[in-house]
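Heads up: numbering here begins at 1 and tracks the sequence.
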Amino acid sequence: QVHLVESGGGLVQTGGSLRLSCAASGSISFNTMGWYRQAPGKQRELVATIGSRGSTNYSDSVKGRFTISRDNAKNTVYLQMNSLKPEDTAIYYCNTAIYPMTPTRATYWGQGTQVTVSS
């Protein structure tokens, strides 16, 4: 029922930063939300979650570099990505997640936003 649209991706050099946004068409205040990424030919990976109370969790690969946040009044979730590495290159998606750090079983995904990190 909630439509999610990702934006903010782009091409950056190693060490650069990007801020991704995920705009929801409806309320997400009661949901744990997550950011996922998928490189070509690889499995989708859950990299960060934020619970309804604002608690956050990160995969080891991004911990210390990425920060997930949410603005329930705007129905938006953000992912601040710093110190980017080439291995961060992927299409990034937002969706619900299962608290605290389990991928959603949701069927539908948005278009995502491409993040490319050059060396």
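We find the OG1-CG distance between Thr96 and Leu4 to be 8.0 Å, quoted to the nearest 0.5 Å. Separation of atoms CG (Leu84) and CG (Leu18) is listed at 5.5 Å; rounding is to 0.5 Å. Rounded to the nearest 0.5 angstrom, Asn82 CG and Arg65 CZ are separated by 9.0 Å.
At least one donor-acceptor pair under 3.5 Å links the side chain of Thr49 to the backbone N or O of Pro100. The closest donor-acceptor contact from the side chain of Thr76 to the backbone of Lys74 lies under 3.5 Å. Formation of a donor-acceptor pair under 3.5 Å by the Asp71 side chain with backbone atoms of Ala73 is found in this model. Judged purely by atom type and a 3.5 angstrom limit, Ser25 uses its side chain to pair as donor or acceptor with the backbone of His3. Between the side chain of Thr14 and the backbone N or O of Ser118, at least one donor-acceptor pair lies under 3.5 Å. At distances below 3.5 Å, not a single donor-acceptor pair connects side-chain atoms of Arg19 with backbone N or O atoms of Met81. Using a distance-only test at 3.5 Å, with no hydrogens or angles considered, a donor-acceptor pair links the side chain of Arg70 to the main chain of Gly51. Ser52 places no side-chain N or O within donor-acceptor distance of the main-chain N or O of Ser29, the cut-off being under 3.5 Å.
The local environment of CD in Gln43 is sparse, with at most 12 non-hydrogen atoms from other residues, nucleotides or ligands closer than 6.0 Å.
Hydrophobic cluster membership of Tyr78, counting Ile, Leu, Val, Met, Phe, Trp and Tyr whose side-chain heavy atoms lie under 4.5 Å apart directly or via other members: none, as it forms a cluster of its own.
In terms of hydrophobic clustering, with Ile, Leu, Val, Met, Phe, Trp and Tyr side chains grouped at heavy-atom distances under 4.5 Å, Ile50 and Val5 are assigned to different clusters. Hydrophobic clustering places Val47 together with Tyr58 (ILVMFWY residues linked when any side-chain heavy atoms are closer than 4.5 Å, directly or through intermediates). No path of Ile, Leu, Val, Met, Phe, Trp and Tyr side chains, each step under 4.5 Å between heavy atoms, connects Ile68 with Leu46, placing them in separate hydrophobic clusters. In the hydrophobic clustering of this structure, Leu79 does not group with Met101; members are Ile, Leu, Val, Met, Phe, Trp, Tyr whose side-chain heavy atoms approach within less than 4.5 Å, directly or through other members. Hydrophobic clustering (side-chain heavy atoms under 4.5 Å, transitive across Ile, Leu, Val, Met, Phe, Trp, Tyr) groups Val12 together with Val62.
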For this session: In sequence, state the C-alpha distance, the side-chain angles, and the governing distance for Val115 and Thr89, and then conclude on side chain to side chain contact (heavy atoms under 4.5 Å, CB included).
Result: CA-CA 5 Å; Val115 172; Thr89 295; 5.8 Å; no
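Put simply, the side chain of Leu20 reaches to within 4.5 Å of the side chain of Thr113, judged on heavy atoms. Residues Ser69 and Gln80 are not in side-chain contact: their nearest non-hydrogen atoms beyond the backbone lie 4.5 Å or more apart. Side-chain atoms of Cys22 and Tyr93, non-hydrogen and from C-beta on, never get closer than 4.5 Å to each other. The closest side-chain heavy-atom distance from Gln111 to Ile91 is not below 4.5 Å. Residues Arg37 and Ser61 are in side-chain contact: their nearest non-hydrogen atoms beyond the backbone lie under 4.5 Å apart. Counting heavy atoms from C-beta on, the side chains of Asn95 and Tyr108 never come closer than 4.5 Å. Between Gln13 and Val117, every side-chain heavy-atom pair lies at or beyond the 4.5 Å cut-off. At least one side-chain heavy atom of Glu6 sits under 4.5 Å from a side-chain heavy atom of Trp35.
Minimum heavy-atom separation, Ala39 to Ala90: N-CB, 3.9 Å.
In summary, the aromatic rings of Tyr36 and Trp109 are positioned with their centroids under 6.0 Å apart.
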